Student: 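Pasting a structure below so you can have a look.
Residues take their numbers from the sequence shown, with the count starting at 1. Just so it is clear, the model here is predicted, and its values are computed rather than measured.
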Amino acid sequence: MWAASKLASLRVVVGLALIQATAFAANVDPTVLDSCPGYNAVNVKSKSSGLTADLTLASTGCNLYGKDIQELSLKVVYETEDRIHVKITDPSRKRYEVPESVFPRPENENANSKDANIAFNYTTSPFSFSIYRKSTKEVLFSTASHAIIFEPQYLRVKTNLPANPNIYGLGEHTQTFHLPTDNTTLTLWSRDAYGIPVGTNLYGNHPVYFEHRTTGTHAVFLLNSNGMDIKLNTTNGASTLEYNAIGGVLDFYFLAGSENDPTEVAKQYAEIVGLPAEVPYWSFGLHQCRFGYQNFVDVANVIVKYAAAKIPLETMWTDIDYMDRRRIFTVDPKYFPMPRMREIVSYLHAHQQKFILMTDPAVPYLPSADYAPYEHGHALDVFLKAGNGSESLGVVWPGVTVYPDWFHPKIAQWWNSEFANFYSPSTGLDIDGAWIDMNEPANFCNLPCDDPFQQAVEQNMPPPRTSSPPDPNTPIFTNSSGQVGRRDDFLNPPYAINNAAGALSSKTAFTNVVHANGLVEYDTHNLYGTMMSVATRDAMLARRPGKKTLIITRSTFAGAGAHVGKWLGDNMSKWEHYRVSIAGMLAFASIYQVPMVGSDICGFADNTTETLCARWASLGAFYPFMRNHNADTSISQEFYLWPSVADSARNAIDIRYRLIDYLYTAFHQAHLDGTPVLHPLWYKYPKDANTFPIDLQFFFGDSVLVSPVTEENSTSVAIYLPKDTFYDFNTLAPVQGAGAKITLDNVNFTQIPVHIKSGVVLPLRVRSQMTTTELRKTDFELVVAQDANGNATGHLYVDDGDSIEQKATTTVDFKFSKNKLTVSGKFGYNLGVKVARVRFLNVQAAPKQAVQDGKVCQSSYDAKNKVFDVTLDRPFNQGFVVQI
Ligand SMILES: *[C@@H]1O[C@H](CO)[C@@H](O)[C@H](O)[C@H]1NC(C)=O
Ligand SMILES: *[C@@H]1O[C@H](CO)[C@@H](O)[C@H](O)[C@H]1NC(C)=O
Ligand SMILES: *[C@@H]1O[C@H](CO)[C@@H](O)[C@H](O)[C@H]1NC(C)=O
Ligand SMILES: *[C@@H]1O[C@H](CO)[C@@H](O)[C@H](O)[C@H]1NC(C)=O
Ligand SMILES: *[C@@H]1O[C@H](CO)[C@@H](O)[C@H](O)[C@H]1NC(C)=O
Ligand SMILES: *[C@@H]1O[C@H](CO)[C@@H](O)[C@H](O)[C@H]1NC(C)=O
Ligand SMILES: *[C@@H]1O[C@H](CO)[C@@H](O)[C@H](O)[C@H]1NC(C)=O
Ligand SMILES: *[C@@H]1O[C@H](CO)[C@@H](O)[C@H](O)[C@H]1NC(C)=O
Ligand SMILES: *[C@@H]1O[C@H](CO)[C@@H](O)[C@H](O)[C@H]1NC(C)=O
Ligand SMILES: CC(=O)N[C@H]1CO[C@H](CO)[C@@H](O)[C@@H]1O
């Protein structure tokens with residue numbers, strides 16, 4: 001979060017204080033790049049599992065941003081039948097590569113190229129390569145006629161694309177989900193991106209794209225954490241995608257995906273970046289937060305008012321307001337005194353509710369004050385260092401700060417111990433999850449930042465303590481292999497990526513600082529948020545061994561979802577941001593494998609309006625992570641403040657909570673095999689080109705279609721329904737999709753259109769206005785939404801909701817065919833509830849009766865909506881059959 005009130009003055013300073021990059025900058029004529037000589041392939045050695053070759057510079061080189069490297073080595077490995085790994089490195093010099101400790105490499109299964117679904121092809125002179133799909137012979141990726149450029153601080157690879165390509169991913173950004181492919185630059189460089197402006201680099205970095213064709217969906221992942229511009233362009237009808245990275249190596253993974261099911265490529269991507277972490281059951285409840293709660297009384301009042309409004313609040317959050325002078329691991333003794341805060345936490349826990357606080361990475365630089373977190377970290381020497389060995393300073397909320405070095409061997413010892421102390425259940429604040437922000441890392445100090453103390457004063461950050469200079473005996477930077485002999489410009493490399501903050505170090509930690517292991521922030525910057533995420537997760541697990549936790553971060557790198565969830569940063573209370581939140585969420589959940597994702601409901605900055613907040617409360621109920629959050633200078637926006645917003649929240653939370661077990665099951669499946677938790681429409685209808693650009697509707701889980709009203713003041717929405725049968729979630733009446741838009745009218749501000757895709761059996765809880773702890777004690781009902789063939793299937797996974805290792809779990813399969821519903825499975829975990837009813841949809845005429853395992857049940861038929869409603873009284877601890 002960022003103080004809106006500070007923004008105006010900061011904007012002015014940014015423009016003046018940038019270190020100007022000396023670069024030719026990002027706009028060299030593409031024909032110049034294409035006319036570079038590139039490389040010739042020699043000593044090509046092919047094997048069944050891949051090939052190796054030496055690449056030699058074809059002539060003197062074009063030396064655009066440095067000297068072209070003479071000799072490269074190419075290694076191609078068929079790691080699985082669906083994955084080819086193509087790596088180009090400089091054999092003469094060790095270059096930075098994303099460390100294995102941060103990004104473990106996927107297992108190489110040594111596939112035989114004969115069995116692979118995609119193949120690597122190449123030309124030798126000049127060297128170019130392509131990847132094609134064997135079954136259709138389609139070229140998926142091809143560098144033909146675009147020279148590969150490999151210089152110390154500049155790498156370029158460009159591929160041809162088909163006309164009007166369907167490209168998704170390459171975030172974090174606020175472009176449409178279906179990316180524009182003309183004159184578009186996507187920049188990857190973690191940035192504190194207040195207002196999430198379109199066309200700029202934002203908080204996280206996911207250098208992966210999925211390309212969809214009616215003949216199949218494949219993916220390309222470039223494992224590189226350096227700053228880069230990825231350019232999509234179309235010239236004379238020919239589309240291309242070009243990588244321009246300022247370091248690292250060319251480390252590509254090509255994924256075959258499949259011809260019919262786009263979710264296959266999502267699963268294959270999960271094999272590389274890791275399967276998403278499971279989160280506790282309670283984390284799907286409603287979260288309330290804001291920046292600007294004044295004191296502990298405010299916080300307590302919100303909790304009480306939610307209860308009074310009968311809107312089930314699961315988790316109360318507090319932003320940095322709670323801190324003493326905005327110092328992490330402290331409470332303000334006057335405004336948020338520890339005993340009173342402990343009282344709030346006890347109250348929440350006694351009411352089966354949860355508590356989460358914000359923790360930032362920046363640590364106030366307080367060498368001579370009595371501030372233990374700094375002292376401990378300093379003693380262990382775990383903070384980032386400037387080149388002369390002193391701690392590298394920035395300015396963040398508490399004033400002058402240092403930054404943890406997540407590569408330091410003692411970082412976990414320090415971070416875990418600060419977490420254990422401050423968040424101690426017996427003496428501190430017993431949080432249930434953690435929220436980590438500002439971890440790009442953000443820095444308010446404007447370049448050249450030669451006097452952070454002065455800037456802290458100018459920016460009115462809590463004034464710094466009188467500080468002595470760094471201890472002359474501070475251990476100084478030791479050279480490592482990655483560093484020796486490297487003369488790169490870490491502050492202003494010759495190729496300037498299109499960083500919206502200006503120079504690379506602008507508004508973040510200095511990119512020339514060297515980590516404890518010798519790696520330079522220039523290379524690892526984009527990993528900072530993910531490394532803090534992993535460290536925080538470990539600290540939470542250390543506090544509560546064996547328990548699942550919720551960590552929500554702002555900055556992410558590929559693979560972050562295996563550890564944490566993510567919120568979409570500092571958006572604004574605007575309709576555009578309500579709309580763009582869907583594209584952002586889909587990108588994280590369906591492409592990047594970070595499914596625990598959501599946007600600040602009702603908007604973070606600026607003032608919301610009643611109608612925006614009412615619509616957003618409904619939409620937010622279908623974010624996997626549902627949190628209302630707000631900025632300090634904005635008007636309050638708790639859902640209970642307006643009757644229409646409260647109604648909207650209650651209505652949508654009712655649907656969400658009844659579906660929580662379905663959502664929990666989807667997360668479990670994602671954790672097992674990478675099946676996405678949310679789906680864009682084209683994942684389900686891959687041959688229907690009308691679905692490719694849609695990003696204002698989506699599937700929540702596998703089969704619940706959400707189609708919010710998207711225009712201010714409107715009570716109607718034109719939604720696209722593919723050729724398939726759907727059911728209105730409220731009435732359960734069938735709605736036939738015709739592969740066209742239909743207009744829904746009279747959607748008042750308390751409602752959101754939701755449809756069930758046919759062919760599914762949905763397990764729902766029967767009642768919902770309660771905490772998730774209570775919810776788990778309520779009965780189930782089943783909704784049988786048959787398809788055109790009279791079939792439907794579904795699944796349910798239940799465990800204790802809390803433990804990482806489960807002693808006993810329940811896995812249920814539902815199958816409906818020939819008017820018979822069969823419920824079977826493994827009932828290891830005792831749910832302790834019943835199945836209270838089954839509703840069969842699209843039943844054309846009243847059945848004579850419903851029989852459950854030989855026993856005739858009470859039933860009724862609703863002819864208008866064609867729903868056959870059967871009452872059961874069946875403990876949900878074994879299988880059963882219902883015949884109608
Ligand atoms: C491989 O590349 C060569 C050279 O461009 C081309 O002639 C050949 O058709 C390609 N093979 C396949 C199967 O695409
Ligand atoms: C491409 O986009 C840039 C930045 O938005 C703009 O300045 C430029 O005019 C555009 N060029 C073309 C050819 O559309
Ligand atoms: C796209 O190509 C046009 C024409 O060559 C060029 O002017 C423009 O800068 C390119 N845009 C990007 C983002 O590369
Ligand atoms: C070390 O370098 C930093 C920034 O480069 C500078 O601010 C600091 O004064 C230097 N410290 C010493 C002891 O020279
Ligand atoms: C580190 O490497 C640089 C450049 O090679 C060299 O000048 C410096 O003396 C080295 N420092 C140490 C402590 O070895
Ligand atoms: C939000 O509303 C408050 C209270 O009415 C007002 O002081 C503030 O200026 C408003 N903010 C914006 C950005 O309009
Ligand atoms: C929506 O209605 C409000 C209140 O009548 C009005 O101020 C606003 O301009 C309207 N917005 C649009 C986009 O029509
Ligand atoms: C909104 O629409 C729903 C469903 O059509 C209806 O039940 C409810 O009464 C309406 N509320 C208002 C305030 O019109
Ligand atoms: C419907 O389900 C039955 C029983 O599982 C199966 O035999 C049949 O093939 C299914 N029909 C279709 C069209 O999928
Ligand atoms: C996605 C979007 O609309 N972003 C906008 C957010 O607000 C900032 C500041 O007003 C704009 O610059 C962005 O374009």
Side-chain angles (χ1 to χ4, degrees), residues 281 655 657-669 672-673 675 701-704 725 727 729 732 756-768 775-801 806-843 846-862 866-884:
Y281 189 94
I655 302 176
Y657 277 29
R658 289 168 61 208
L659 284 166
I660 278 191
D661 297 86
Y662 160 86
L663 182 60
Y664 194 78
T665 302
F667 264 76
H668 182 65
Q669 194 60 41
L672 293 179
D673 68 4
T675 300
D702 196 57
S703 35
V704 174
T725 306
Y727 299 92
F729 194 91
L732 300 179
I756 301 168
K757 182 182 186 308
S758 64
V760 68
V761 179
L762 281 184
L764 303 176
R765 297 279 179 173
V766 292
R767 287 184 302 115
S768 75
L775 190 64
R776 289 174 68 86
K777 299 175 191 157
T778 67
D779 290 341
F780 276 91
E781 66 170 300
L782 305 176
V783 170
V784 179
Q786 59 178 308
D787 65 14
N789 302 309
N791 284 352
T793 58
H795 307 280
L796 173 68
Y797 169 78
V798 189
D799 61 22
D800 73 9
Q806 293 288 337
K807 283 200 206 75
T809 64
T810 281
T811 316
V812 190
D813 292 313
F814 307 103
K815 194 157 171 251
F816 180 73
S817 187
K818 300 197 170 74
N819 291 331
K820 187 167 86 176
L821 171 68
T822 307
V823 176
S824 60
K826 197 175 104 295
F827 292 82
Y829 178 79
N830 179 13
L831 280 72
V833 301
K834 291 176 178 164
V835 179
R837 71 166 166 177
V838 184
R839 287 192 281 179
F840 296 90
L841 313 190
N842 216 356
V843 176
K848 279 207 193 68
Q849 59 179 24
V851 180
Q852 181 240 304
D853 297 305
K855 198 177 99 212
V856 177
C857 310
Q858 227 180 53
S859 62
S860 65
Y861 180 66
D862 168 358
K866 300 194 170 63
V867 177
F868 186 50
D869 189 335
V870 177
T871 304
L872 294 188
D873 186 21
R874 171 87 208 169
F876 206 1
N877 58 5
Q878 53 176 290
F880 61 91
V881 172
V882 182
Q883 179 83 49
I884 62 168

Student: What closest approach, in Å, do Val882 and Phe840 show between heavy atoms, and which atom pair accounts for it?
Tutor: CG1-CZ, 3.9 Å
Student: If you compare all heavy atoms of Ala792 against all heavy atoms of Ala785, which two are closest, and at what distance to 0.1 Å?
Tutor: CB-O, 3.8 Å
Student: What heavy-atom pair brings Ala808 and Gly828 nearest, and what distance separates the two atoms?
Tutor: CB-O, 3.4 Å
Student: Could you measure the distance from the CZ atom of Phe780 to the CG atom of Leu764? Nearest 0.5 Å is fine.
Tutor: 9.0 Å
Student: With distance as the sole test, does Asp787 use its side chain to make a donor-acceptor pair with the main-chain N or O of Asn789 at under 3.5 Å?
Tutor: yes
Student: Does the side chain of Gln883 reach to within under 4.5 Å of the side chain of Asn819, using non-hydrogen atoms?
Tutor: yes
Student: So do the side chains of Val823 and Leu782 get within less than 4.5 Å of each other, counting heavy atoms only?
Tutor: yes
Student: Sort and list the pairs that fulfil side-chain hydrogen bond (donor to acceptor under 3.5 Å, both in side chains) and have at least one residue in residues 848-862, not counting sequence neighbours.
Tutor: Asp862-Asn865
Student: Answer yes or no: are there more than 12 heavy-atom neighbours, outside Lys820 itself, under 6.0 Å from its atom NZ?
Tutor: no
Student: Assess whether side-chain contact (heavy atoms from CB on, under 4.5 Å) is satisfied between Val784 and Phe868, documenting all intermediate values.
Tutor: CA-CA 10 Å; Val784 179; Phe868 186 50; over 6 Å; no
Student: Yes or no on side-chain contact (heavy atoms from CB on, under 4.5 Å) for Lys826 and Thr809, after CA distance, side-chain angles and deciding distance?
Tutor: CA-CA 8 Å; Lys826 197 175 104 295; Thr809 64; 3.2 Å; yes
Student: Does a side-chain heavy-atom distance below 4.5 Å link Phe876 with Val798?
Tutor: no
Student: Looking at Tyr281 and Asp799, would you say the former's side chain and the latter's main chain have a donor-acceptor pair under 3.5 Å?
Tutor: no
Student: Is there a side-chain contact between Leu796 and Pro763, using heavy atoms and a 4.5 Å cut-off?
Tutor: yes
Student: Which heavy atom in Arg874 sits nearest to a heavy atom in Gly879, and how many Å separate them?
Tutor: NH2-O, 3.4 Å
Student: Let me confirm one number: the CZ-OG1 distance from Phe827 to Thr810, rounded to the nearest 0.5 Å.
Tutor: 6.5 Å
Student: Within the side chain of Gln806, is there an N or O that forms a donor-acceptor pair under 3.5 Å with the backbone of Asp800?
Tutor: yes
Student: With side chains defined as the heavy atoms from C-beta onward, is the minimum distance between Phe880 and Leu872 less than 4.5 Å?
Tutor: yes
Student: If the condition is side chain to side chain contact (heavy atoms under 4.5 Å, CB included), which residues does Thr778 pass it with, not counting sequence neighbours?
Tutor: Arg765, Arg767, Met770, Leu775
Student: To the nearest 0.5 angstrom, please state how far the CG atom of Leu831 sits from the NZ atom of Lys777.
Tutor: 14.0 Å
Student: Give a yes or no on whether the backbone of Arg658 and the side-chain of Ser768 come within a donor-acceptor separation of less than 3.5 Å.
Tutor: no
Student: Once you round to the nearest 0.5 Å, how far does CZ of Arg839 lie from OG1 of Thr871?
Tutor: 10.5 Å
Student: Within this structure, what is the CG-CG distance for the pair Leu841 and Asp869, rounded to the nearest 0.5 Å?
Tutor: 10.0 Å
Student: Measure the spacing between CD1 of Ile756 and CG of Leu762 and express it to the nearest 0.5 Å.
Tutor: 5.0 Å
Student: Could you check whether the rings of Tyr797 and Tyr664 sit parallel, tilted or perpendicular, using 30° and 60° as the cut-offs?
Tutor: parallel
Student: How far apart are the C-alpha atoms of Val838 and Leu821, what are their side-chain angles, what is the distance that settles it, and do they pass the side-chain contact (heavy atoms from CB on, under 4.5 Å) test?
Tutor: CA-CA 9 Å; Val838 184; Leu821 171 68; 3.9 Å; yes
Student: Does Tyr727 have any ring-ring contact (aromatic ring centres under 6.0 Å, His included) partners at least two apart in sequence or in another chain, and if so, which?
Tutor: none
